[in-house]
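Heads up, the thing below is written out as structure tokens.
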Amino acid sequence: MNVSDSEVVARLLSDHGYRPCDLPEDARVILVNTCSIRENAEKRVMARLDYFGLMKRQDPQLKVGILGCMATRLKEALLEHPAVDFVAGPDSYRHLPGMLGPSPTAPVQVKLSATETYADIKPYRELSRGVTSFVTIMRGCNNMCAYCIVPYVRGRERSRDPLSVEEEVRDLFAGGFREVTLLGQNVNSYHWKPGDSTAPVTFAQLLERVAGISSLLRVRYTTSHPKDMQDDVLRAMARYPNICKHIHLPVQSGSNQMLKKMNRGYTREDYLERIASIRRILPGCSISSDIIAGFCDETPEDHAQTLSLMKEARFDQAFMFHYSQRPNTLAARHYQDNVPEDVKIGRLNEIIALQNLLSLESNRADVDKEFEVLVEGVSKRSREDYFGRTGTNKVCVFPHGNSTVGNYVRVKVKSCTAATLKAEIITENNRS
Ligand code: SAH
Ligand code: SF4
């Protein structure tokens, strides 16, 4: 989400003569795009700001601005940090050129909007320098998960005009990109109503429209919400070979008590029914999830339920966190953050250990199988190897032969770790 927002900001500023540079030390203006989702994310930003404060002592002309969720959350208070000159929230980026201009406008712009989607701004893709890209299809979130700060810092949910999404994706394809990930906090509630006489465009329809742009373009999306994900999306995925067979379906907890308290809007049974639908309609589709350990009042039994759900769902991958109380959320206002830190960490470690096993088993099942992989770049570990991902979103490393970045190759998996498939190319330039 933030990469995508940074590309919008880079375009708005490049239209006013600014150019990105590689190192903060070379910059006249530094923009820090921030996340408030967990306390650690904010702590890292504060440490960065301390460093930029030192740079400003050497160069008082340097300007530093805070963008994103921390801007909405902390507003004027951020100006108290000696490094910070201005603050712009997620819906205020159009103000940036004015805030930086010769007669600067007010240094704090954090009002949230019910309509801003930046649909007319062509993101500055030169920042990503690859063959894969993100396209924001909606902003904000209308759910009120008790632990989550997103609705407070990014505002109400709004969907972006599908025509502008398609146009952006066509442009990306023409510019050599071969994979797009459609982004929203809850893509299943995407809803675009062009006028009274026309039926609304749903997410499944948008997905098909994007997938129809070219069979050489891979399409991914995130995030699905288990309470809203319907079979129409699964059927759209089944119809288009170029829609990657991977679904990120955050469960958060395996305990009905916790799910209720988290205000997630589904039960463990509902969730497992969604998994069964995925397996039925999309055999071979991989499933990843997000899990929170140690939410308010979580008992050892609740935690055991999470472990047992993980085993039942057999997630291929997961992002796992320990609960971090965020100011003003429903949980902060109504519940006690009463699971001790060491218990949270202990439970998280058990969740991580189990997921490592599940990921390893999932990867082992792929050994000796063949996959189509989009070549994304040179492997970080070895210059002789390329890396790419399977449609199921597994990172695959293979000797590059004569293939080139941006092409599809067919590979056979030879071995694996919990994190990576090691493969060999069978057919180069499979499709290009
Ligand atoms: N919209 C997406 C997720 C957005 S945030 C969804 O609904 O699934 C990404 C993940 O961060 C969440 O899925 C959740 O697992 C985690 N998260 C959010 N708030 C958190 C908090 N206060 N403490 C710990 N993890 C949190
Ligand atoms: Fe947060 Fe829930 Fe919205 Fe996801 S769906 S962004 S977890 S409030």
Side-chain angles (χ1 to χ4, degrees), residues 1-5 34-44 68-70 72-73 90 112 134 136-159 181-190 203 221-229 246-255 258-266 270-271 274 287-298 303 306 309-310 313 315 317-339 341 343-345 347-348 351-352 355:
M1 196 61 78
N2 271 2
V3 173
S4 180
D5 272 15
T34 61
C35 168
S36 290
I37 200 92
R38 283 168 291 275
E39 197 183 356
N40 270 345
E42 291 202 355
K43 278 194 184 145
R44 279 202 300 274
C69 301
M70 278 175 80
T72 330
R73 193 174 90 68
L112 291 170
F134 295 105
T136 302
I137 61 163
M138 56 206 294
R139 301 179 70 85
C141 182
N142 281 358
N143 293 311
M144 281 285 161
C145 301
Y147 51 80
C148 185
I149 201 164
V150 168
Y152 304 89
V153 289
R154 300 194 72 98
R156 303 290 293 167
E157 176 188 290
R158 60 225 103 117
S159 297
T181 303
L182 306 182
L183 285 181
Q185 295 296 349
N186 177 3
V187 292
N188 308 104
S189 64
Y190 177 89
F203 177 62
Y221 64 90
T222 195
T223 300
S224 294
H225 197 302
K227 80 175 161 59
D228 296 321
M229 191 195 69
H246 164 235
I247 296 180
H248 184 57
L249 195 66
V251 67
Q252 315 299 358
S253 169
S255 146
M258 286 297 104
L259 290 171
K260 187 152 189 239
K261 202 160 194 144
M262 288 173 167
N263 203 21
R264 286 290 286 178
Y266 55 86
D270 296 335
Y271 184 86
R274 292 289 73 213
I287 301 174
S288 58
S289 201
D290 291 348
I291 299 171
I292 300 177
F295 186 58
C296 312
D297 290 340
E298 189 187 68
H303 171 59
T306 296
L309 180 130
M310 291 170 69
F315 296 129
Q317 291 160 340
F319 298 96
M320 299 152 284
F321 316 99
H322 61 84
Y323 173 56
S324 155
Q325 189 184 61
R326 309 308 294 129
N328 295 325
T329 53
L330 278 176
R333 284 180 281 129
H334 299 296
Y335 307 142
Q336 298 247 316
D337 180 13
N338 53 5
V339 178
E341 197 68 7
V343 176
K344 284 183 187 170
I345 306 275
R347 289 180 189 168
L348 177 62
I351 289 170
I352 293 173
Q355 186 53 48

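Position 1 is the first residue of the sequence; numbering continues from there. Numbering of ligands and ligand atoms starts at 1, following listing order. In this text the structure is predicted, and so the values were computed from the model without any measurement. Computed from heavy atoms alone, side chains included, the values below leave out hydrogens, waters and symmetry copies.
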>> Among all protein heavy atoms in this structure, tell me which lies nearest to atom 7 (S) of ligand 2, with the distance rounded to 0.1 Å.
In response: Tyr147 OH, 3.4 Å
>> I need the protein N, O or S atoms closer than 2.8 Å to atom 2 (Fe) of ligand 2, given as residue plus atom name.
In response: Cys145 SG
>> Taking the cut-offs as 6.0 angstrom to the six-membered ring centre and 45 degrees off its axis, would you call Arg73 and Tyr152 a cation-pi pair?
In response: no
>> Could you check whether any side-chain heavy atom of His322 comes within less than 4.5 Å of a side-chain heavy atom of Glu341, counting everything from C-beta outward?
In response: yes
>> Do Lys344 and Asp337 make a side-chain contact, defined as non-hydrogen atoms from C-beta onward lying under 4.5 Å apart?
In response: yes
> Considering residues at least two apart in sequence or located in another chain, which fulfil the ring pair (Phe, Tyr, Trp, His ring centres under 6.0 Å) criterion with Phe295?
Replying inline: Tyr323
> Which of these passes side-chain hydrogen bond (donor to acceptor under 3.5 Å, both in side chains) with Ser288: His246, Gln317, Gln355?
Replying inline: His246
> Is the shortest heavy-atom distance from the side chain of Asn263 to the side chain of Cys145 under 4.5 Å?
Replying inline: no
>> Can you list every protein residue that has a heavy atom under 4.0 Å from any atom of ligand 1, sorted by chain and residue number?
In response: Ile37, Arg38, Tyr147, Gln185, Thr223, Pro250, Gln252, Arg264, Asp290, Ile292, Phe321, His322, Tyr323, Ser324, Arg326
> Who are the side chain to side chain donor-acceptor pair (under 3.5 Å) partners of Asp270, not counting sequence neighbours?
Replying inline: Thr267
>> Between Ser324 and Glu39, is there a side-chain donor-acceptor contact under 3.5 Å, judged purely by atom types and distance?
In response: no
> Any side-chain donor-acceptor pair under 3.5 Å between Lys227 and Asn188?
Replying inline: no
> So, Tyr221 versus His248, ring centres under 6.0 angstrom or not?
Replying inline: no
